[in-house]
Amino acid sequence: MCGIVGYVGDRECKELLLTGLERLEYRGYDSAGIALVNGSIDVTRRVGRVQMLRDAVGDGSHPATLGLAHTRWATHGGVTESNAHPIEACDGSGVTAVHNGIIENYVQLRTRLLEQGHQFHTDTDSEVISHLVEEHYDGDLVEAVRLAYNELHGHFAFAVIHRDHPNEILAARRQCPLVVGVGDGETFMASAIPAFMSETRRVQYVLDDEIVVATPEGATFLTGEGDVIERPIEHVDWDESAAEKQGYETFMLKEIHEQPDAIAETIGERLYHGELQLDGLNLDEQQIRELSRVVILACGTAYHAGLIGRYLLEEWARIPSESDIASEWRYRRPVIDERTLVIAVSQSGETIDTIAAMKEARAHGAHVLAVTNVMGSQATRDCDSVLYTRAGLEVGVAASKTFTSQVVLMYLLALKLGIVRGTIDATRAETLLAQVRALPELAQQTLDRGHLVEPIADRFWESEFFLYLGRYIGLPIALEGALKLKEISYIPTDAYAAGEMKHGPIALLDDSTPVVVIATDNHVYEKVLSNIQEVRARGAHVIAVATEGNTRIEELAEYVLYLPRTEPELQAALAILPLQQLAYAIAKRRGLDIDKPRNLAKTVTVE
Ligand code: F6R
């Protein structure tokens, strides 16, 4: 996630762009940069927050009335000044661009552009945009951007300016946000409305697969083929605080809805044309084949993602795997050696228990892989390799999009290990990879059914206790669903392996207890149905999460939340979505501060 802001009009734009960037800082703040056009293009970039950029450009006025600015959440290429945007094409080309998202085919494009003589000066995927535009440019910037856009695969929003076109910003979007602000004799372009809300409240939304030509007189919308599309101007009447949350009432709700995008970013170029590539894993095929064990360590929500990873690694890569809570594991006397892969999962990369466990693992000679969402975090320094989730900044204290991103990374990792170790056959791997690729779309379909949790919340929001049950890959989802509800609604919850319920928790059930059961389609489905019968026999109320088409469950459960059908293991990434929505709907009815639940901190740096 990065923030883009652009301006074309008749006012000096330096201050407008910097103010816009500050309002987009929630989208990332690894580095920031600005490009101002005044005969030539003056580009300034700095590592750190927008304030660093402000200090660098100084208070003085600048005559430019066309410019672009960017705040970065690093994905490809480290947090350095040279990787900050705006990114220029070859020296003297006059082309500069900013980008948000992932260009999946950047390796192929970069190789070709290098052969064509282009000189690259960053490690980013983004740089291919500037060079492609330069390559296609023969005086017609719109056509150059259109041709460049048609060569890009992935999901992205980008904006381009050219020294010789002082009245134009070209931009395009595929799945990443982009919106136009319509002023009087001026036009804004941004990742989100807050960037220009103090200047204009008239907006035009850029839709997927559209190119926009912004001039002081307004914006023209084009298809990839160059056909003009009509786009109405809408008026937004949000207040400042609603704007920060993109119109959602809380950050958590915004982040729940960002999950399709977070999943898509996490997959990104790692899965391209059926090929799975995990740069950063830093283990060669020989080392992967020789692994004797995997140990996954994490805390809280990340631990639940790790539990899913354990099932996957056993299922697909056939490696003995265990998953433990970091604060427990470090005080055991763990039996590990150089052939053990230790995976530390941490959204923040700063959780002290996880960091301490990583150090312990390294001291025993294990290869430690960090899975984190934050570039440059402590975990990335205390490991042998890193794989990043790319969920963007998560503000809500209760994790949502970072969890699903971690789960998706576990899919990619387990598949990679399975393919290299030859434990998953080619046809099955192909099917699974295609289904992983479809996950953002399936997640969107799942979230779109969110209204179905409302009657359940209406009925149970005052309940004193919720039980969550699941088996196999449904168990970590039950644990995570229960954690979400207790964190944001303060309702006591328990989560249990459904088959274990009869050994204790069944004593808690009576005719007032809501019981959430993960009953997705897999080899334990029939067993879970039997467990539901046990719950019903005690008069408790079953809310089931099930797979579309398995309608028999409607005879047993009072409420069924259906998921789109996909491979059994992949349902885990979807099954959590209605449970986040249910927890949210209940917490809302209880009138609680959902973004900041009591006693919790987003990053836990104490033992
Ligand atoms: C729950 C939650 C926490 C974190 C835990 C680990 O919603 O967010 O349980 O998952 O504190 O944090 P990270 O992943 O930063 O190590």
Side-chain angles (χ1 to χ4, degrees), residues 4-10 13 35-41 43 64-70 85-90 92-101 103 109 113 116 118 126-183 185-191 203-233:
I4 293 174
V5 52
Y7 175 89
V8 57
D10 55 8
C13 64
L36 297 165
V37 183
N38 179 36
S40 59
I41 305 189
V43 180
T65 56
L66 168 68
L68 286 180
H70 186 266
H85 304 209
I87 297 179
E88 293 145 295
C90 298
S93 70
V95 178
T96 296
V98 291
H99 163 231
N100 164 211
I103 307 297
L109 290 172
L113 287 158
Q116 288 172 323
H118 289 260
S126 316
E127 191 174 350
V128 295
I129 299 171
S130 311
H131 291 282
L132 275 178
V133 173
E134 178 191 359
E135 182 64 27
H136 290 298
Y137 182 72
D138 63 0
D140 183 344
L141 187 58
V142 178
E143 187 59 5
V145 169
R146 193 184 73 78
L147 293 172
Y149 162 82
N150 281 320
E151 290 203 62
L152 299 173
H153 297 180
H155 66 289
F156 51 77
F158 68 81
V160 178
I161 52 176
H162 194 291
R163 180 193 51 214
D164 302 335
H165 294 256
N167 282 319
E168 262 177 5
I169 301 176
L170 270 292
R173 157 189 167 152
R174 190 176 293 154
Q175 286 168 19
C176 290
L178 197 63
V179 59
V180 171
V182 184
E186 59 186 9
T187 305
F188 295 81
M189 179 83 69
S191 301
V203 305
Q204 286 174 300
Y205 292 98
V206 186
L207 304 186
D208 272 345
D209 301 312
E210 288 183 355
I211 298 167
V212 191
V213 186
T215 68
E217 290 72 44
T220 307
F221 293 72
L222 304 173
T223 64
E225 288 70 47
D227 299 328
V228 175
I229 311 163
E230 290 301 318
R231 184 59 32 79
I233 296 177

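Along the sequence shown, the residues carry numbers beginning at 1.
- In this structure the side chain of E168 reaches within 4.5 angstrom of the side chain of V142, judged on heavy atoms.
- Annotation: side chain of D209 is in contact with side chain of Y149 (closest heavy-atom distance under 4.5 Å).
- Proximity of H131 to V128: side-chain heavy atoms (C-beta onward) are nowhere separated by under 4.5 Å.
- Here CZ of R174 is found 14.0 Å from CG of L207. Values are rounded to the nearest 0.5 Å.
- Across every non-hydrogen atom of L68 and T96, the tightest pair is CD1-O, 4.0 Å.
- Checked by atom type and distance alone, the side chain of R146 pairs as donor or acceptor with a backbone atom of G224 at under 3.5 Å.
- Taken to the nearest 0.5 Å, the CD atom of E186 stands 3.5 Å off from the OH atom of Y7.
- Side-chain N or O atoms of R173 include none that pairs as donor or acceptor with a backbone N or O of V179 at under 3.5 Å.
- Considering only heavy atoms from C-beta on, I87 stays 4.5 Å or farther from V98 through its side chain.
- Rounding to the nearest 0.5 angstrom, the gap separating the CD atom in E230 from the OG1 atom in T220 is 9.5 Å.
- Looking at every heavy atom in both residues, P232 comes nearest to Q204 through O-CG, 3.5 Å.
- For the residue pair S126 and H85, the shortest heavy atom distance occurs at OG-CE1, 3.1 Å.
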Step by step, would you call I129 with F156 a side chain to side chain contact (heavy atoms under 4.5 Å, CB included)? CA-CA 11 Å; I129 299 171; F156 51 77; 5.8 Å; no
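- Side-chain contact between V133 and S93: absent, with no pair of heavy atoms (C-beta onward) separated by less than 4.5 Å.
- Within the 4.5 Å cutoff, side-chain heavy atoms of F158 are placed close to those of V145.
- Between H153 and I103 the shortest side-chain heavy-atom distance does not fall below 4.5 Å.
- H70 places a side-chain N or O within 3.5 Å of a backbone atom of H99 that can act as its donor or acceptor partner.
- Rounding to the nearest 0.5 Å places CG of N167 at 6.5 Å from OG1 of T65.
- The shortest non-hydrogen separation linking H165 to G139 is CE1-O, 3.5 Å.
- With rounding to the nearest 0.5 Å, the separation of CG in D227 from CG in L222 is 8.5 Å.
- When all heavy atoms of L178 and A172 are compared, the closest pair comes out as CD2-O, 3.7 Å.
- R231 contributes a side-chain N or O that, together with a main-chain N or O of Y205, makes up a donor-acceptor pair within less than 3.5 Å.
- The side-chain heavy atoms of L152 and L109, taken from C-beta on, include a pair separated by under 4.5 Å.
- In this structure, OG1 on T223 lies 7.0 Å from CD1 on I211, to the nearest 0.5 angstrom.
- Residues G67 and C13 approach most closely at N-SG, 3.8 Å, considering heavy atoms.
- Between the side chains of H136 and E151, at least one donor-acceptor pair of N or O atoms lies under 3.5 Å.
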